[in-house]
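Just so you know, ligand 1 is whichever comes first in the structure, and atom 1 is the first atom listed for that ligand. Hydrogens, waters and symmetry mates are skipped; everything else that's a heavy atom, side chains included, is used.
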Amino acid sequence: MSEQRDWIDISQPVGPDSGVFAGDTKFRYSWKWDQRRGASCNVAAIETSPHVGTHADAPLHFRLGGTSIGEVDLEPFLGPCIVIEGPVDGMVQQSHLRNIDLAATPRVLLKTHSRLDTAFPDRFVALSVEAAEYLGARGCRLIGLDTPSVDPAASKSMEAHHALGRRNVAILENLQLAHVSAGRYELIALPLRWIGLDAAPVRAILRPLRA
Ligand SMILES: [Zn+2]
C-alpha cells in the first residue's frame, strides 16, 4: 500500500513587504556581490528583525538574561502536534483548549483568522494568560499561532509570553495555517542557531500523523 503523507509548508513567505510591529526593523536585502556587476558569485546582505515572518521567540525576548534562541532546547520544535480552530476574534481562552490530548500531541497550533497576506494587522487573536497557564500546567511543549504575537498588539506586560516562559513552553508566531485542516500532524519548525538573539526564523512544515 502506498502512503500519501506529503509535507505541508506552514511558513510565511518573507520579503521587503513582510509586516513588522510599528518601529521594528523591516526585512531588507541588497547584493553585496553581484554577477551582473562582474562578481564571481551572488551574495546578498540582509537586515531584519528576527520576528519577521514565521519565527520562534526565545526566553531572552521577554526576560533579560533568558536563554537565547541559538541555545534553546530543540525538542519542542519537532514531533506530534495538533492543529485546532481558534476563535476568529478576541482571545484564545481555556475553553478552546479543553479537548486536546496533550500527552499524545504536546504541541498546539491555533488557527485563528488565518491571514494569507503578509501585511501587519493592528488587531489579532492572542492567548489569554489563563489559556497559557492551562497549557503549561498540562505539559504542553509548544504553542503556535497564525498571528504576530501570543500577546495582544498593545500589550507591554507580555503576560502570555511570561506565563509560557515560566513553564518552558516554546512559542511560534506568524504561522500560515489557512490551508491546513484541523487535526493531528507531525511538526518540524527548527529555529536557526542564532547565538545571543531573542528570536529566529523557522521553516515550519507539517505532515499528517498516521492514524
Ligand atoms: Zn516574536
Item to check | His51 N/O/S atom closer than 2.8 Å to the Zn ion (ligand 1) | outcome: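 Of the N, O and S atoms in His51, at least one lies under 2.8 Å from the Zn ion (ligand 1), which means yes.
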
Next on the checklist: Looking at the Zn ion (ligand 1), is there an N, O or S atom belonging to Glu173 that lies under 2.8 Å away from it?
Outcome noted: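 Checking the Zn ion (ligand 1) against Glu173, an N, O or S atom does fall under 2.8 Å.
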
Checklist entry - Does Leu60 offer a backbone N or O that forms a donor-acceptor pair with the side chain of Asp198 under 3.5 Å? => result no

Next on the checklist: Are the side chains of Phe27 and Ile46 in contact, using a 4.5 Å heavy-atom criterion?
Outcome noted: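 The answer is yes, as the side chains (C-beta and beyond) meet within the 4.5 Å cut-off.
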
Checklist outcome for this item: Partner of Ile69 under side-chain contact (heavy atoms from CB on, under 4.5 Å), picked from Pro59, Pro50, Pro191, is Pro191

Checklist entry - With respect to Leu135, which candidate in Leu142, Ile143, Val169 satisfies the side-chain contact (heavy atoms from CB on, under 4.5 Å) definition? => result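 Exactly one pass, corresponding to Ile143.
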
Checklist entry - With respect to the Zn ion (ligand 1), what is the nearest N, O or S atom of Asp57? => result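 Per the distance ranking, Asp57 contributes OD1 as its closest N/O/S atom to the Zn ion (ligand 1).
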
